[in-house]
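Each remark here refers to the structure printed beneath this line.
Counting convention: from 1, in listed order, for ligands and their atoms alike.
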Amino acid sequence: MTTAAKIPSRESAAPHLHVVGGAFTVEKVRRDFPILSREVHGKKLVYLDNAATSQKPRAVIDAISRYYEQGNANVHRGVHFLSEHATGEHERARRTVQHFINAADASEIIFVRGTTEAINLVAQTYGRTHVRAGDEVLITAMEHHSNIVPWQILCEEKGANLRVAPINDNGELLLEEFEKLLGPRTKIVALPHVSNALGTVNPVGRIVEMAHRRNIPVLVDGAQAVPHMKVDVHALDCDFYAFSSHKMFGPIGIGVLYGKSAMLEEMPPYQGGGDMISSVTFEKTTYNKLPFKFEAGTPNVAGAIALGAAIEYLNGLGMDNIAAYEHELLAYATEKISAIPAVRLIGTARDRAGVLSFVIEGIHPHDVGTILDQEGIAIRTGHHCAQPVMQRFGIPATARASFALYNTKAEVDTLAEGIRKVQEVFA
Ligand code: 7TS
């Protein structure tokens, strides 16, 4: 008698049940996220606003409760049991992040509030010490505002120039144009790994190579990449990589700046205060070693621990399984939504992740979002904090469905039906 496990074939599997390599089953994954079983306006919630923030699995919610119920203490201070335990858990979370992105050392992982703070940190420390009048900072035409404004503030202060690498009509970076913009005055390149408005995945490895050939460091805004694919900062060879916990199933209020230790060592501190010092007198302060030099004040201990829990959850599913599942889901959504008459996709790059932005002829995206909300479907409408992207495509806004590992083809079908209802209302 054979005892081989029965893996359903594509034909025999339930239509919306997905098994990738036997390790990833979306129906099982969904049960890990309590909020997904709630209703909105009397309809089953279809949560497609993951690029704004993702939902949290039970493991993350429990990690936060456990910390405040059983483990709460300040870190790096006390000799008492709870403080030492909290410190141990906090630093263990740092190592979990380190291994997740394949950083060389835990001291290269700086805990910050999120992607926004990570970018501001680099602009205000590395930027302020290296950028002078007439120098250039190079970004792209597909940035989130948080990878524009910190550099603008820096450039204004220093009399430097912000340069912008153009994109094509599909929302892909024009690599030749990008390379032409790398010059002797370029002091840093900053670009997104994945665009939040278009879903474009940028060829970061190639871009880093181009910049490094000219000794220009590269910061990667990884906010929209980390939830969807395996990120390896060693392989990418980027100098900085920034991301937010809340978009990768961890809590709001914590994020990560990865920096190569050689870069971080020579950068001045960002904020001053407790924990980031080695010794203080009124005459002179010496700073703590990495990563603490960049972590002034009491850190978000519960946040770090729960981010660690989110990463362990993702590791349990396997980032490659998640990427394969989402790739298929996005392909299905792209086909299904673009086939609806009068719908136009904004962002049709060959390599995309997580995001489907669209406009419907004659209907304002805000109306699309409002009517879909009545159906229990949560999407984001507007400029997605990427106004220059909207200007590039000559539109005021888009409707954006953004996916995560727990979304299903059935939800894409519900979205498609919702869009048809919107069109009926405006017919
Ligand atoms: N960079 C990118 C590419 C983003 O998508 C976002 C947030 C940020 C930076 C800022 O992250 P934060 O956690 O510091 O706020 N993007 C979005 C979005 O697309 N919809 O809401 C927030």
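Using a 4.0 Å cut-off between charged side-chain N and carboxylate O, Glu375 and Lys43 make a salt bridge. Of the charged side-chain nitrogens involved, at least one lies within less than 4.0 Å of a carboxylate oxygen, so that Glu177 and Lys180 count as a salt-bridged pair. Ion pairing between Arg94 and Glu295 holds under the 4.0 Å rule for side-chain N and carboxylate O. Between Glu136 and Arg163, at least one side-chain nitrogen of the basic residue sits less than 4.0 Å from a carboxylate oxygen of the acidic one, meeting the salt-bridge criterion. Lys260 has no carboxylate O lying under 4.0 Å from a charged side-chain N of Asp105, or vice versa, which leaves the two without a salt bridge. The pair Glu179-Arg214 counts as a salt bridge, with a side-chain nitrogen and a carboxylate oxygen less than 4.0 angstrom apart. Taking 4.0 Å as the cut-off between side-chain N and carboxylate O, Glu417 and Arg420 do not count as a salt-bridged pair. Salt-bridge formation is not detected for the pair Asp135/Lys158: no Lys NZ or Arg NE/NH1/NH2 atom is positioned less than 4.0 Å from an Asp or Glu carboxylate oxygen.
With ring centers used as reference points, His76 lies under 6.0 Å from His90.
Heavy atoms of Thr115 found under 4.0 angstrom from ligand 1 belong to the backbone as well as the side chain. Only the side chain of Arg380 comes within 4.0 Å of ligand 1, judged by heavy-atom distances. Contact annotation: for His246 versus ligand 1, heavy atoms closer than 4.0 Å belong to the side chain alone. Neither the backbone nor the side chain of His383 has any atom closer than 4.0 Å to an atom of ligand 1 (non-hydrogen atoms only). Heavy atoms of Pro192 found under 4.0 angstrom from ligand 1: none, in either backbone or side chain.
Counting atoms of ligand 1 from 1 in the listed order, those under 4.0 Å from a heavy atom of Thr116 are 10 (C), 11 (O), 12 (P), 14 (O), 15 (O). Near Gln224, meaning under 4.0 Å from any of its heavy atoms, are these atoms of ligand 1: 3 (C), 4 (C), 5 (O), 16 (N), 19 (O). Close contacts of ligand 1 with Ser244, meaning ligand atoms under 4.0 Å from a residue heavy atom, involve 11 (O), 12 (P), 13 (O), 14 (O).
Ligand 1 has no atom lying under 4.0 Å from any heavy atom of Cys385.
Looking only at heavy atoms of the protein, atom 9 (C) of ligand 1 is closest to Ser146 OG, 3.0 Å. Among protein heavy atoms, the minimum distance from atom 3 (C) of ligand 1 is reached at Asp221 OD2, 3.3 Å. Atom 4 (C) of ligand 1 has His144 CD2, 3.4 Å as its closest protein atom, hydrogens excluded (heavy atom only). Among protein heavy atoms, the minimum distance from atom 19 (O) of ligand 1 is reached at Arg400 NH1, 2.7 Å. Of all protein heavy atoms, the one lying nearest to atom 22 (C) of ligand 1 is Lys247 NZ, 3.3 Å.
Between Phe100 and Val233, the closest side-chain pair of non-hydrogen atoms is not below 4.5 Å.
The shortest N or O to N or O distance between Glu117 and ligand 1 is not under 3.5 Å.
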